[in-house]
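To start, the structure itself, in C-alpha cells.
In what follows, every chain begins at residue 1, and chains take the letters A, B, ... in the order their sequences are listed.
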There are 2 protein chains.
Amino acid sequence: MNDAGEGREPHKGSASLSPSQQDYLKQIFLLNDASQGATTQLLAERIGVRPASVTGMLKRLAEEGLVERAPYRAVHLTETGRRIAVEIVRHHRLLEAFLSRTLGYRWDEVHEEAEALEHVISERFEQKVAELLADPDRDPHGDPIPTRELALKEDEHLTTLALLPKGSRGTIRRVTLQDQDALNLVERLDLLPGRAIEVAGTHPDGISLLVGGSRFLVPALLAAHLLVDVAPHPSSAQPKTREGTGRPVAHEQ
Amino acid sequence: MNDAGEGREPHKGSASLSPSQQDYLKQIFLLNDASQGATTQLLAERIGVRPASVTGMLKRLAEEGLVERAPYRAVHLTETGRRIAVEIVRHHRLLEAFLSRTLGYRWDEVHEEAEALEHVISERFEQKVAELLADPDRDPHGDPIPTRELALKEDEHLTTLALLPKGSRGTIRRVTLQDQDALNLVERLDLLPGRAIEVAGTHPDGISLLVGGSRFLVPALLAAHLLVDVAPHPSSAQPKTREGTGRPVAHEQ
DNA sequence: GAGTTTGATTAGGATCGGCTAACTTTTTTC
DNA sequence: GAAAAAAGTTAGCCGATCCTAATCAAACTC
Ligand SMILES: [Mn+2]
Ligand SMILES: [Mn+2]
Ligand SMILES: [Mn+2]
Ligand SMILES: [Mn+2]
C-alpha cells in the first residue's frame, strides 16, 4: 500500500496543519518521550476523542508522511512529524512561561490557555516571546523548553520520586502531569518545582514525604510524576536553605 | 418560514462560536460602523470567501439569532450579535496594542497576528493584557478599543482627510484600512497616527499634502481612510497641542 | 418600462474531523 | 491453547464550511 512516488511536499511546517493534527502529533511525541507507546486508546484519552477517531486521523497523518504505523500497533513519528511535534511543544511551553511570568497567570492556569494558543501563534510571536523572556529553558511545570533549533534537553539527573529510597533528600524540579485536577492537587500539597523534600519512608501505596515541615503520604500515582533532583549527600543537610511554612507559593515571576 | 418558538440559548458568549462565525459577525459590525451596508459581496471580499458561502453562513447566523436578514438585502446584527462582534473587536485591538507595545511588533505586523489570536484568547488573557497596558483606548492604527463593558467611543471630532479644504492643518489620528498593501503604503508615506499635516491643495484624484517637510499627492482612495484631528486655528502652526472643542480628547499611542 | 448588468441565492458536491455500532485482531486468563 | 476480555478498526453517518455552476432578483440604462 505504501508508495514511493507520492507528492513530496518539501519543508512541511506546522503552519499547514490543522490544530487537530498538531495535537495528535504533539501527544504522540509526549507519550514516546515518556517512554510510553502511543496507542490508539492512550491518544484518544489525551486528545479527548473516541478511539475510532484516532484511527482515522492516524491514517491521514500516515498518508502525509508524518507518522508510521501498522494496524493494531502503536504509532511512531517520522522525522518530519517529530520536528513539527517539537515545534508545538516549544510553542506550548514558551507560552506557559510567558503567561506565568509576563501576564501573571497562576501555576494551574497556564496549561489550558497555552493549549489553544500553541496552534495559532506565528514564528514571529514565538521569537519575540523568547526574546522577552531571554530564552527560558523551563516552563512553570519544570518541563524543558525545546530550543529554537528544536533540541530538547534530557533530564538525566532527575529521578522519579516514586523510586527514591527512604532518607533521600532532593528538590522537586518537574511535574509531568497533564490533568487539571491532578495539577490542582500538586499545588494544594505545595509540591511545586523548587521545593526541597525528603523521603520519610515508603509505603505500598506511595511515599511518605517530608516537605516544608509537614509530612504526608504522596500517592504512588502522583509520585511517579514528580521528578526530583537528588541531593549528593543524603545524610548531610540540604544544600539550599529554604525552609519556612511552605505557604508562600513559589511563583516564578 | 420564520418561527418564534426557537430554542433560546441564554447568554451566548463569543466562546461558543467558531472562528469563522466570529469573523462574519466582526466584519458585519465593522462595515456598519463605517456606515456601509453589510452586503453579501462586501462580506465575501473582507472575509475572503465566495458570495455563496456568505449566504450560507448568514442563514446559520440568522437561525442562531445573531443577525437579522431578508434575502437580497444587507444584514444587520441583533443585539446579541453586536455584543459578540464588539467583544471580538476588543480582542483584536487590545491584541494589536499588546503586540506593538509589549512584544515590539512593527506597525504593519500586528494585524495579521491579531486576526488569528482574537478568536482564541480567554477572558482572562484579555483581562491580563488590559491590566498590563493600563486599559489602552487606541490600537496602533488609532482605532478605539471598546471598553470591558463593550462601550465604543465614537470619533466625532475626527474628519476624513479627503474632505478637508485647502489650508487645513491637523494631526492624523486614525488609519481605517484593512488591506496589508494599503497599510504598507501608509507607512512608506509616513502617514501614521500622530503625524501633523497640512492640506496644500485639492485635486480631482486626491489631496496634496504637506507632511514632515515634504509635499505629495495622497490618492483619494487613501485619503478617505485617514481620519484627522483638525487644528482649531488653521492659520497658527502648532506641532503638538491638545485642542478642545469642548470635549476632552485622550489618546495614548 | 424592457432589457441588461450586477448582485444574491440555490443546488449539488467536497473535505475535515468528529461520532456510533459492528466487526476483527491481539492479549490475557485459566 | 481455547475462551474471554481488551484494544483497534471499519462502515456509515453527521455537521460545519467551503466551493462551482446555474438560477433568480434587483438595480441601472436608455
Ligand atoms: Mn492544543
Ligand atoms: Mn507545562
Ligand atoms: Mn479573525
Ligand atoms: Mn487595528
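- A salt bridge links B:Arg124 with A:Glu109: at least one charged nitrogen is closer than 4.0 Å to a carboxylate oxygen.
- At the heavy-atom level, A:Ser20 lies under 4.0 Å from the strands shown only through sugar-phosphate atoms.
- Between B:Lys26 and B:Glu118 there is a salt bridge, since a side-chain N of the basic residue sits under 4.0 Å from a carboxylate O of the acidic one.
- Positionally, the nearest nucleotide of DNA chain C for B:Thr39 lies more toward the 5' end than for the other of A:Val49 and B:Thr39.
- Remark: A:His111 engages A:His92, A:Glu96, A:Glu115 in a side-chain hydrogen bond (donor to acceptor under 3.5 Å, both in side chains) (not counting sequence neighbours).
- Straight-line distance from the CG atom of B:Leu17 to the C1' atom of D:dT17: 14 Å, rounded to whole Å.
- Contact check on B:Asp143 versus B:Arg174 returns a salt bridge, with a Lys/Arg side-chain nitrogen under 4.0 Å from an Asp/Glu carboxylate oxygen.
- Distances shown here put a side-chain N or O of B:Ser18 below 4.0 Å from the OP1 or OP2 atom of D:dT17.
- Annotation: side chain of B:Leu161 is not in contact with side chain of B:Leu227 (no heavy-atom distance under 4.5 Å).
- If you check every strand for non-hydrogen atoms under 4.0 Å, B:Arg73 touches nothing.
- The aromatic rings of B:Phe98 and A:Phe125 sit tilted, their planes meeting at an angle between 30° and 60°.
- In this structure, B:Glu187 and B:Leu183 have side chains that are not in contact, with every pair of non-hydrogen atoms separated by 4.5 Å or more.
- Put simply, A:Thr40 has a side-chain N or O that comes within less than 4.0 Å of OP1 or OP2 on D:dT9.
- Contact annotation: the side chain of B:Val54 approaches that of B:Tyr24 to within less than 4.5 Å [non-hydrogen atoms, C-beta and beyond].
- Side-chain contact between A:Leu43 and A:Arg46: absent, with no pair of heavy atoms (C-beta onward) separated by less than 4.5 Å.
- Interface limits on DNA chain C: the 5'-most and 3'-most nucleotides within less than 4.0 Å of chain B heavy atoms are C:dG7 to C:dT10.
- Taking atom OH on B:Tyr24 and atom P on D:dA16, their separation rounds to 14 Å, with Å as the unit.
- With rounding to whole Å, B:Leu43 atom CG is found 16 Å from D:dT17 atom C1'.
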Kindly give the atom pairs (protein nitrogen or oxygen, nucleotide nitrogen or oxygen) under 3.5 Å for nucleotides 21-27 of chain D.
unit_1: D:dA25; atom_1: O4'; unit_2: B:Tyr72; atom_2: OH; d: 3.4

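- Checking the phosphate oxygens (OP1, OP2) of D:dT20, a side-chain nitrogen or oxygen of B:Arg50 falls inside 4.0 Å.
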